[in-house]
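Given the structure is predicted, the values throughout are model-derived calculations rather than measurements.
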Amino acid sequence: MSQTIAQIALVVADYDEAIRFYVDKLNFTLVEDTPLSETKRWVRVAPPGSLTGSTGCQLLFAKAADDEQRSRVGNQTGGRVFLFLNTNDFWGDFDRLSQQGVRIVREPVVQPYGTVAVFADLYGNLWDLIGPTPPNTN
């Protein structure tokens, strides 16, 4: 048996503003935007260079529909880092995020697992941008 995580739901206040942030500022690909009803859409985005087929994890935007859901926008994990974005060009991506006006919460530091910085999305969800340490080949 083989299983993968296909999507992670991200509660958003507005589909279009979330699309603009993730596509324009984070350089994600808009994979799908399908209307399901007058108020609900199936919106998926994926990081640049990732597989947009069945093997790459994507974000599925879930528009908050009531007060309880709206209270979770930007705080799905109680203020902890929520999502982890690995990159093979840490400094290039970090500079691009900074130039795009993405809020950097913690400046880059070197950890045993790689170079990491924390940034916030448009709602305040925290992300780790990680340039993984290459495996030790000794």
Notebook entry, point to check: Passes side chain to side chain contact (heavy atoms under 4.5 Å, CB included), Ile130 versus Phe90? Steps please.
Noted result: CA-CA 7 Å; Ile130 303 171; Phe90 179 87; 6.0 Å; no
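Between the CZ atom in Phe119 and the CG atom in Leu85 there is a gap of 5.5 Å [rounded to 0.5 Å]. With rounding to the nearest 0.5 Å, the separation of OG1 in Thr87 from CZ in Phe94 is 12.5 Å. Atom NZ in Lys63 sits 11.5 Å away from atom CD in Gln69 (nearest 0.5 Å). Note that the CG atom of Asp128 and the CG atom of Leu83 stand 9.5 Å from one another [nearest 0.5 Å]. Rounded to the nearest 0.5 Å, atoms OH (Tyr123) and CG (Asn75) are 14.5 Å apart. From Phe28, atom CZ reaches atom CG of Leu30 across 12.0 Å, with rounding to the nearest 0.5 Å.
Each of Thr133, Leu129, Val110 was scored for a side chain to side chain contact (heavy atoms under 4.5 Å, CB included) with Thr115, with one residue passing: Val110. Just one of Asn125, Leu60, Val45 meets the side chain to side chain contact (heavy atoms under 4.5 Å, CB included) condition when paired with Leu10; it is Asn125.
Here the side chain of Tyr15 pairs a donor or acceptor atom with the backbone of Arg41 at under 3.5 angstrom. A donor-acceptor contact shorter than 3.5 Å is absent between the side chain of Thr4 and the backbone of Ala6. In this structure, Ser37 contributes its side chain and Thr39 its backbone to a donor-acceptor pair below 3.5 Å. A donor-acceptor distance shorter than 3.5 angstrom exists from the side chain of Lys25 to the backbone of Gln100, with no hydrogens or angles considered. No side-chain donor-acceptor contact under 3.5 Å links Glu107 to the backbone of Ala117.
Residue Leu126 comes nearest to Arg80 through the heavy atom pair CB-O, 4.0 Å, listed as atom of the first residue, atom of the second, then distance. Residue Ile5 comes nearest to Ile8 through the heavy atom pair CG2-CG1, 4.2 Å, listed as atom of the first residue, atom of the second, then distance. Here the closest non-hydrogen pair linking Gln76 and Ala9 is NE2-O, 3.5 Å. Residue Ala64 comes nearest to Val73 through the heavy atom pair CB-CG2, 4.0 Å, listed as atom of the first residue, atom of the second, then distance.
In terms of hydrophobic clustering, with Ile, Leu, Val, Met, Phe, Trp and Tyr side chains grouped at heavy-atom distances under 4.5 Å, Trp91 and Leu26 are assigned to a common cluster. In this structure, Ile19 is a member of the same hydrophobic cluster as Leu97, with clusters built from ILVMFWY side-chain heavy atoms closer than 4.5 Å.
Inter-residue side-chain proximity for Gln7 and Leu59 is flagged as unmet; no heavy-atom pair is nearer than 4.5 Å.
When only modelled atom types and interatomic distance are considered, Tyr22 and Asp121 share a side-chain donor-acceptor pair under 3.5 Å.
A salt bridge is absent between Arg72 and Asp66; no separation between the charged side-chain nitrogens and carboxylate oxygens falls under 4.0 Å.
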